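Because the structure is predicted, anything quoted here is derived from the model rather than measured. Residue numbers count from 1 along this sequence.
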Amino acid sequence: MATTTTTRTVKKKILFVMTTLTVLLGSCSATIYKVGDSDGWSAKDDTYYSWADRKEFHVGDSLVFDYDGNFNDVTQVSGALEYQFCDSSSPKAVYKTGHDVVTLTEPGFYYFISSNHSQCSSGQRLDILVTHDPSRPVPPPPQPSKILPFGKMYKVGDSKGWKVYNSDFYYKWSEGKLFHVGDNLLFEYANEVNDVLEISGDLEFKFCDPTSPIAVHKTGHDLVKLTKPGVHYFISSETGHCEAGLKLRVMVAPALPKFSPIDRFFRWLSTFRHHH
């Protein structure tokens, strides 16, 4: 009798554990969305606005784009203006398989268009907002191995700081400088009348569009670490400032290799031998 009771208790515990795991796995599972449902990815007016309306997209979800890869593609662009004007000249990513699975890896706005301008203008484009699902665990912070190296510090504008001078002042300031991942930009300005917006795309930079910034800085003494290779764009959102030249574009290269003291010694020694 005692054996039977023990067996029942063990079974109940196993059932409880299995039920708990099922609930947890269900709450942590991501959603896969087929873009356009049965219509797939094609040029149809307002199809994708209606399709995305009232859907909630979360980090970890995936979009499936189905289409004829011989005549179409999926181009991810960086900003709202590229999306609005169907500009595929500087894409973040291009997919061409005809069955593309795009996983949403971080929160924010995502913009997708067809690189065929007429098809994009006819409605073949999709914009969505991605957020963290509170029922899913937030990703852990980066491991120590991924911590950015200590880089150089650049005071933007040098002694003049961050304020309006002339239309090409900051272009000339950055010209010839080599920026790398891990370097820092220091923006100094009067925060009562100015700010620093990091924006995502070339068109936003060209037309001084502050409506969808990546980051906003307003302290008057902003230290911005360059964390990714590629083009980084900064503008002022104050009326007329960006148009007058208060904007900065920098090209960031991958981080420089780090050498140990012994490596540096042998590199110095080889140079010494070369000269002697």
Side-chain angles (χ1 to χ4, degrees), residues 77-82 87 89-90 92 106 108-109 141-142 144 146-261 263-265 267-268 271-272 275:
V77 294
S78 56
L81 285 181
E82 282 85 355
D87 179 9
S89 60
S90 55
K92 290 184 72 173
E106 56 187 6
F109 285 97
K146 295 182 180 179
I147 293 177
L148 293 172
F150 182 79
K152 291 183 179 180
M153 173 86 71
Y154 294 93
K155 182 180 176 182
V156 175
D158 296 326
S159 60
K160 295 185 180 297
W162 178 247
K163 59 183 177 180
V164 176
Y165 285 99
N166 55 58
S167 60
D168 61 352
F169 176 78
Y170 293 99
Y171 171 77
K172 290 181 177 178
W173 176 82
S174 63
E175 190 179 27
K177 290 182 173 64
L178 297 175
F179 301 97
H180 294 89
V181 169
D183 289 347
N184 296 276
L185 301 178
L186 175 61
F187 294 85
E188 289 194 334
Y189 56 93
N191 63 347
E192 298 86 359
V193 295
N194 211 346
D195 59 15
V196 180
L197 269 63
E198 184 172 2
I199 56 176
S200 58
D202 194 66
L203 283 181
E204 280 82 359
F205 181 79
K206 182 178 179 181
F207 293 105
C208 295
D209 177 20
T211 56
S212 55
I214 297 173
V216 178
H217 308 279
K218 294 185 175 182
T219 69
H221 187 84
D222 304 321
L223 189 64
V224 178
K225 184 176 282 291
L226 303 172
T227 60
K228 295 179 180 179
V231 184
H232 292 240
Y233 304 93
F234 303 92
I235 66 172
S236 169
S237 71
E238 293 299 316
T239 303
H241 284 196
C242 177
E243 291 82 357
L246 191 52
K247 55 183 178 179
L248 171 68
R249 173 170 45 199
V250 298
M251 176 64 76
V252 179
L256 291 170
K258 297 179 71 175
F259 297 102
S260 68
D263 290 331
R264 289 197 294 269
F265 171 75
R267 285 166 67 86
W268 170 82
T271 304
F272 179 80
H275 288 294

In a table with atom names and distances, give each donor-acceptor pair under 3.5 Å that connects a side chain of residues 210-218 to protein atoms at least two apart or in another chain.
residue	atom	partner	partner atom	Å
Thr211	OG1	Asp209	OD1	2.8
Thr211	OG1	Asp209	OD2	3.1

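The structure places CE of Met251 at 12.0 Å from NE2 of His180, a figure rounded to the nearest 0.5 Å. His232 contributes atom NE2, which lies 12.5 Å from atom CD1 of Ile199 (distance to the nearest 0.5 angstrom). In this structure, Phe207 CZ and Cys242 SG are separated by 11.5 Å, a value rounded to the nearest 0.5 Å. Distance check: Leu185 CG to Lys177 NZ gives 10.5 Å after rounding to the nearest 0.5 Å. The line from OH of Tyr170 to NZ of Lys163 is 8.0 Å long, rounded to the nearest 0.5 Å. For the atom pair Asn191 CG and Trp162 CH2, the distance stands at 15.0 Å (nearest 0.5 Å).
For the side chain to side chain contact (heavy atoms under 4.5 Å, CB included) test, residues two or more places apart in sequence or in another chain that qualify with Glu175 are Tyr171. For Glu238, the side chain to side chain contact (heavy atoms under 4.5 Å, CB included) test picks out Asn194, Asp195, Ser236, His241, with sequence neighbours left out. Residues satisfying the salt bridge (charged side-chain N to carboxylate O under 4.0 Å, His left out) criterion with Asp202, sequence neighbours excluded, are Arg249. Remark: Asp158 pairs with Trp173 by the side chain to side chain contact (heavy atoms under 4.5 Å, CB included) rule, at least two apart or across chains. With sequence neighbours left out, Thr219 forms a side chain to side chain contact (heavy atoms under 4.5 Å, CB included) with His221, Asp222.
The two residues Val252 and Lys228 make their nearest non-hydrogen contact at CG1-O, 3.6 Å. Pro254 and Pro229 get closest at one heavy-atom pair: N-CB, 4.1 Å. Scanning both residues, Lys247 and Cys208, for their nearest heavy atoms gives NZ-SG, 4.1 Å.
Between Met153 and Leu186 there is a side-chain heavy-atom pair separated by less than 4.5 Å. Contact check for Asp87 versus Leu203: side-chain heavy atoms found under the 4.5 Å cut-off. In this structure, Leu226 and Asp183 have side chains that are in contact, with non-hydrogen atoms separated by less than 4.5 Å.
Lys155 NZ: more than 12 foreign heavy atoms inside a 6.0 Å radius.
For the pair Tyr165 (side chain) and Lys160 (backbone), a donor-acceptor distance under 3.5 Å is present. Checking side-chain atoms of Tyr189 against main-chain N and O of Gly220 turns up a donor-acceptor pair under 3.5 Å.
Between Phe234 and Phe205, the ring center distance fails the sub-6.0 Å criterion.
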Practice item. Please test Ser174 against Phe179 for side chain to side chain contact (heavy atoms under 4.5 Å, CB included), starting from the C-alpha separation and ending with a verdict. Key: CA-CA 9 Å; Ser174 63; Phe179 301 97; 4.2 Å; yes
